[in-house]
Asker: 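Handing you a structure now.
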Amino acid sequence: METRGTLEVYTGPMNNDFTQRVEAALASVRSHSTETPRVGLVLGSGLSNIVDQFQGTTIPYKDIAGYPEATVVGHKGVLKLGQETAVMAGRFHYYEGHSMDSVVLPIFLLAALGVKTAILTNAAGGILHSLNPGDLMLISDHINMLGANPLTGQNNPEMGPRFLDMSTAYDAELRKLARNLDPLLTEGTYIAVPGPSYETPAEIRAYRAMGADAVGMSTVPETIAARYRGLRVAGISVITNKAAGLGHLSLSHDEVVETGKTAEARLTKLLLGLAKNL
Ligand code: HPA
């Protein structure tokens, strides 16, 4: 934030402070490892344990300069950097009160590490009637209902375009590869909402009418940031519950984390397959 006259101006991720923050984070990581993997993975709520299936040096988030503390249960808070993959076990959510800069810092760090493809995972509520807890949904498109965009503010044209094209945000080739690896994968549109309260049944009816198939509180800012930095993006939602009004009467984070774990084996297989083929 800077102040011009009486107006507070949000300077955005492309200002010098943010660029320096990315560089400081990169320097921290480089003091642990010099690996330059091609694939970056972000593991969402309840999915952190998957990090154990990947090779590399484990770097706690607290050792990465500029990284906020991960506060959400079900998030490990480590980066595992290997020859082929950089796995972020735990992300920063807008609902935790983090700025958009902090939410997308890990993506800028992945890009700075040399990553070319970002695979973003999350826990989501199923809006599509055929989606049940434990299912996986490949994200084919998204709707941003966060009311915020990580690119708001100044732009540095050397980093990415002022007006980013989002018409092919979720890479068609990556989706094809994912479907080859797991032929029963459903595809659908993910809607990101601010949370942290879950939705009302009326909101879910509205989101369904808008074209959403699954609902969650993350991923969209990271996709925007990754596309901005020229990364290819794949998104995978683990359906942890039926969205409000569609299943049993109440939703809880414990249920989200527990169900996330039941889909772990299938998701792990898919992620390992994707990483091997990229
Ligand atoms: N709504 C929003 N976010 C979520 C949900 C949900 O039902 N399940 C997991 N994350």
Side-chain angles (χ1 to χ4, degrees), residues 41-50 70-77 88-98 100 103-104 106 119-148 170 185-224 234-264 266-268 270-271:
L41 257 108
V42 178
L43 301 175
S45 298
L47 308 172
S48 274
N49 287 339
I50 295 176
T71 67
V72 185
V73 177
H75 287 251
K76 260 199 170 125
M88 301 274 184
R91 59 152 56 88
F92 307 114
H93 301 84
Y94 199 48
Y95 67 72
E96 293 173 82
H98 295 303
M100 272 289 158
V103 171
V104 297
I119 304 175
L120 309 173
T121 67
N122 59 48
I127 296 178
L128 199 67
H129 286 295
S130 58
L131 286 174
N132 287 301
D135 285 351
L136 300 183
M137 185 191 88
L138 198 54
I139 302 177
S140 55
D141 206 345
H142 76 218
I143 299 171
N144 184 6
M145 285 294 282
L146 290 171
Y170 297 89
L185 271 181
T186 313
E187 282 198 33
T189 298
Y190 174 88
I191 189 165
V193 296
S197 52
Y198 288 113
E199 303 68 43
T200 62
E203 285 167 339
I204 293 301
R205 289 194 298 276
Y207 297 153
R208 182 202 302 284
M210 289 167 74
D213 300 310
V215 57
M217 304 173 191
S218 68
T219 306
V220 161
E222 290 142 286
T223 297
I224 294 170
I236 303 161
S237 290
V238 173
I239 304 303
T240 52
N241 55 280
K242 283 186 167 282
L246 304 176
H248 49 235
L249 286 178
S250 61
L251 299 180
S252 78
H253 184 65
D254 290 347
E255 177 191 358
V256 166
V257 171
E258 281 313 309
T259 312
K261 287 180 184 154
T262 67
E264 208 173 278
R266 184 177 170 199
L267 181 61
T268 301
L270 177 58
L271 294 175

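Just so you know, ligand 1 is whichever comes first in the structure, and atom 1 is the first atom listed for that ligand.
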Asker: Who's the nearest protein heavy-atom neighbour of atom 4 (C) of ligand 1, and how far?
Answerer: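 The closest one turns out to be Val215 O, 3.6 Å.
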Asker: Test Thr186 against every option in Leu128, Leu136, Asp135, Ile239 by the side chain to side chain contact (heavy atoms under 4.5 Å, CB included) rule and name the one that passes.
Answerer: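 One option only clears the test, and that one is Leu128.
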Asker: If we ignore angles and hydrogens, is there a donor and acceptor under 3.5 Å between the side chains of Arg208 and His129?
Answerer: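 Arg208 vs His129: donor-acceptor pair found between side chains.
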Asker: Show which atoms of ligand 1 fall inside a sub-4.0 Å distance from at least one heavy-atom site of Asn241.
Answerer: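 In order of number, 5 (C), 6 (C), 7 (O), 8 (N), 9 (C).
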Asker: Please answer whether the main-chain N or O of Gly188 pairs with a side-chain N or O of Ser140 as donor and acceptor at a distance below 3.5 Å.
Answerer: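 Yes, the answer is positive, given that a donor and an acceptor are paired below the 3.5 Å cut-off.
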Asker: For atom 3 (N) of ligand 1, what's the nearest protein heavy atom and its distance?
Answerer: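 The answer is Gly216 CA, 3.4 Å.
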Asker: Judged by atom type as modelled, is there a donor-acceptor pair below 3.5 Å linking the side chain of Lys242 to the main-chain atoms of Asn132?
Answerer: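 Not at all, since once roles are kept as given, no pair shorter than 3.5 Å links the two residues.
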Asker: Of the backbone atoms (N, CA, C, O) and the side-chain heavy atoms from C-beta on, which set of Ala124 has a member under 4.0 Å from an atom of ligand 1: side chain, backbone, both, or neither?
Answerer: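 The backbone, only.
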Asker: Could you identify the single nearest non-hydrogen protein atom to atom 10 (N) of ligand 1 and state the distance to 0.1 Å?
Answerer: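 Sorting protein heavy atoms by distance from atom 10 (N) of ligand 1 puts Ala123 O, 3.3 Å first.
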Asker: How far is atom 9 (C) of ligand 1 from its nearest protein heavy atom, and which residue and atom name does that atom have?
Answerer: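 The closest heavy atom on the protein side is Thr240 OG1, 3.4 Å.
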Asker: When you measure from the side chain of Tyr190 to the backbone N and O of Val220, does any donor-acceptor pair fall under 3.5 Å?
Answerer: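 No, because the side chain of Tyr190 does not come within donor-acceptor range (under 3.5 Å) of the backbone of Val220.
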Asker: Give the residue and atom name of whichever protein heavy atom lies nearest to atom 1 (N) of ligand 1, and the separation in Å to one decimal.
Answerer: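 Here the closest protein heavy atom is Glu199 OE1, 2.8 Å.
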Asker: Give a yes or no on whether the backbone of Thr121 and the side-chain of Arg91 come within a donor-acceptor separation of less than 3.5 Å.
Answerer: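 Yes, the answer is positive, given that a donor and an acceptor are paired below the 3.5 Å cut-off.
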Asker: With atoms numbered from 1 as shown, which atoms in ligand 1 lie under 4.0 angstrom from a non-hydrogen atom of Met217?
Answerer: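 Those atoms are 2 (C), 3 (N).
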Asker: At what distance is the nearest protein heavy atom to atom 5 (C) of ligand 1, and which residue and atom is it?
Answerer: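 Of the protein heavy atoms, Gly125 N, 3.4 Å lies nearest.
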Asker: Could you tell me the separation between the CG atom of Asp141 and the CD1 atom of Ile191, rounded to the nearest 0.5 Å?
Answerer: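 If I round to the nearest 0.5 Å, the distance is 11.0 Å.
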